[in-house]
Amino acid sequence: MKKIAIRMLVVALCLTMGMFAVGCGTDNETPAGDSDVETENVSGTITISLIESNKPGMTPLIEDFEKAYPDIKVEAEFISDLNAYYSQLPTRMAAGNGPDLVYMIPGSASPCGVARFAEAGYLLDLSDQPWVSDMYEPTKPIMMYDDAVVAKDIGFTPLADMLYNKDYFEANNLEIPETFDELVALCKQIRALDDGVTPISWGAGDPAVNHNDVASMSVNTVFSANPDWLQDRKDGKTTFATTEGWRTTLTQLQELIEIGAFSPGAAGVNFSQMSAEFGNGQTAMAFTAGVMAGMA
């Protein structure tokens, strides 16, 4: 039986899309997925580090994987939230005791960003893997470093959706907004009810929530006008400061803040607290990743 020497399996999960950066080598450093690796005759242990909110979905996936590959053991740990994850993982990787499979964010903005980990030498070059030809071209660059593919996307989900409490909306005859102006009017309407319910929960204490929410707002102000804006920014053809759409996005956000659309103290609210606010009815809506639609 061939023994796999796990080198580095790295997960990158972007809230625009689920992403894995995966690399697994045999003892002669052949990447997993190459034709000479007999996957039915391998054994070993894979360690994986994720956040607690991933647990409901990952647990049955791991169980199914271990049934399909009974000689491979998956040891999973689930860290409480993103802030704790961001503070712990880079330190562990630098010390050489990080897990094989890691939850990450594509690009370089996050402490657990794909580019940052690749620059530090933690990730494998996956450019020769058979799935590379099927990667989604618009987002492929944020899965790469020095022209090498170091991450694999595993699916797509909107960066952020406006989730709403259906029962609350029905009880108060509230209409689902279709434009930003309608959203502003709705937030004012909810405030006017004076029933202790805040219009929107936004976990602004969590960088990932801020990234995803603002990027989602920019779809109508930036990317509707220039779908290639990210590539233009990468090529040095534009900047955030010179793009009117980004100023519009931030102006809209400021307007929501000024009308009291968000929970009190939202700047210090993390993802778990945001989920709790929405789940227990303190807020009528929650602005977060679509994959969390079942969190309440």
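These figures come from a predicted structure and were not determined experimentally. Residue numbers count from 1 along this sequence.
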In chain order, what residues pass the side-chain contact (heavy atoms from CB on, under 4.5 Å) check against [X], with sequence neighbours excluded?
{"X": "Asp194", "result": "none"}
{"X": "Lys237", "result": "Asp232, Asp235"}
{"X": "Ala84", "result": "Ile79, Ser80, Asp81, Gln88"}
{"X": "Asp206", "result": "Leu82, Asn83, Ala208, Val209, Phe271"}

Can you give each donor-acceptor pair under 3.5 Å made by side-chain atoms of residues 170-190, sequence neighbours left out, with the distance rounded to 0.1 Å?
residue	atom	partner	partner atom	Å
Asn172	ND2	Tyr168	O	2.9
Thr179	OG1	Glu182	N	3.1
Glu182	OE1	Glu178	N	2.7

Original post:
How would you list, by chain and number, every residue that makes a ring-ring contact (aromatic ring centres under 6.0 Å, His included) with Tyr86, sequence neighbours excluded?
Top reply: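 In terms of ring-ring contact (aromatic ring centres under 6.0 Å, His included), with neighbours along the sequence ignored, Tyr86 is linked to no residue.
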Subject >> With sequence neighbours excluded, residues passing ring-ring contact (aromatic ring centres under 6.0 Å, His included) with Phe78 >> reply: none
Where do [X] and [Y] come nearest, in terms of heavy atoms and distance?
{"X": "Phe287", "Y": "Ala160", "answer": "CE1-CB, 3.7 Å"}
{"X": "Met93", "Y": "Gly98", "answer": "SD-CA, 3.5 Å"}
{"X": "Phe278", "Y": "Tyr164", "answer": "CZ-C, 3.7 Å"}
{"X": "Pro199", "Y": "Ala261", "answer": "CB-O, 3.4 Å"}
{"X": "Lys234", "Y": "Pro141", "answer": "NZ-CB, 3.6 Å"}
{"X": "Ser49", "Y": "Arg92", "answer": "OG-NH1, 4.1 Å"}

Do [X] and [Y] have side chains that approach each other closer than 4.5 Å (heavy atoms only, starting at C-beta)?
{"X": "Phe65", "Y": "Met58", "answer": "no"}
{"X": "Met217", "Y": "Asp213", "answer": "no"}
{"X": "Glu77", "Y": "Thr47", "answer": "no"}
{"X": "Leu126", "Y": "Trp131", "answer": "yes"}

Taking side chain to side chain donor-acceptor pair (under 3.5 Å) as the test, write out the residues that go with [X], two or more places apart.
{"X": "Thr249", "value": "Thr221"}
{"X": "Thr243", "value": "Trp229, Thr238"}
{"X": "Asn280", "value": "Gln282"}
{"X": "Ser133", "value": "none"}

Original post:
Are Val219 and Val222 co-members of a hydrophobic cluster defined by side-chain heavy atoms under 4.5 Å apart?
Top reply: no
Original post:
Step by step, would you call Leu253 with Ile257 a side chain to side chain contact (heavy atoms under 4.5 Å, CB included)?
Top reply: CA-CA 6 Å; Leu253 177 56; Ile257 293 172; 4.3 Å; yes
**OP:** Kindly check if the number of other-residue, nucleotide or ligand heavy atoms within 6.0 Å of CG (Asn97) is above 12?
**Re:** yes
**OP:** Identify whether the distance between the nearest side-chain nitrogen and carboxylate oxygen of Glu244 and Arg247 falls below 4.0 Å.
**Re:**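 Here Glu244 pairs with Arg247 in a salt bridge, since their nearest N and O are under 4.0 Å apart.
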Distance (rounded to the nearest 0.5 Å) between [X] [atom1] and [Y] [atom2]:
{"X": "Leu123", "Y": "Tyr145", "atom1": "CG", "atom2": "OH", "value": "10.5 Å"}
{"X": "Glu66", "Y": "Ile46", "atom1": "CD", "atom2": "CD1", "value": "9.0 Å"}
{"X": "Ser43", "Y": "Ile72", "atom1": "OG", "atom2": "CD1", "value": "7.5 Å"}
{"X": "Glu75", "Y": "Ile48", "atom1": "CD", "atom2": "CD1", "value": "11.5 Å"}
{"X": "Trp246", "Y": "Phe240", "atom1": "CH2", "atom2": "CZ", "value": "5.0 Å"}
{"X": "Gln129", "Y": "Asp134", "atom1": "CD", "atom2": "CG", "value": "12.5 Å"}

Subject >> Working for side chain to side chain contact (heavy atoms under 4.5 Å, CB included), residues Asn210 and Trp202 >> reply: CA-CA 8 Å; Asn210 293 330; Trp202 180 318; 2.8 Å; yes
**OP:** Run the numbers on Arg191 and Thr198 for side chain to side chain contact (heavy atoms under 4.5 Å, CB included), then give the verdict.
**Re:** CA-CA 7 Å; Arg191 279 297 188 190; Thr198 299; 3.8 Å; yes
**OP:** Quick one: which residue pairs count as a side chain to side chain donor-acceptor pair (under 3.5 Å) with a foot in residues 255-266, not counting sequence neighbours?
**Re:**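 Listed by first then second residue: Gln254-Glu258, Ser263-Glu277.
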Original post:
Are the side chain of Asp161 and the backbone of Leu163 linked by a donor-acceptor contact shorter than 3.5 Å?
Top reply: no
Subject >> Main-chain N/O of Ser272 paired with Asn270 side-chain donor or acceptor, under 3.5 Å >> reply: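 Judged by distance alone, yes, a pair lies under 3.5 Å.
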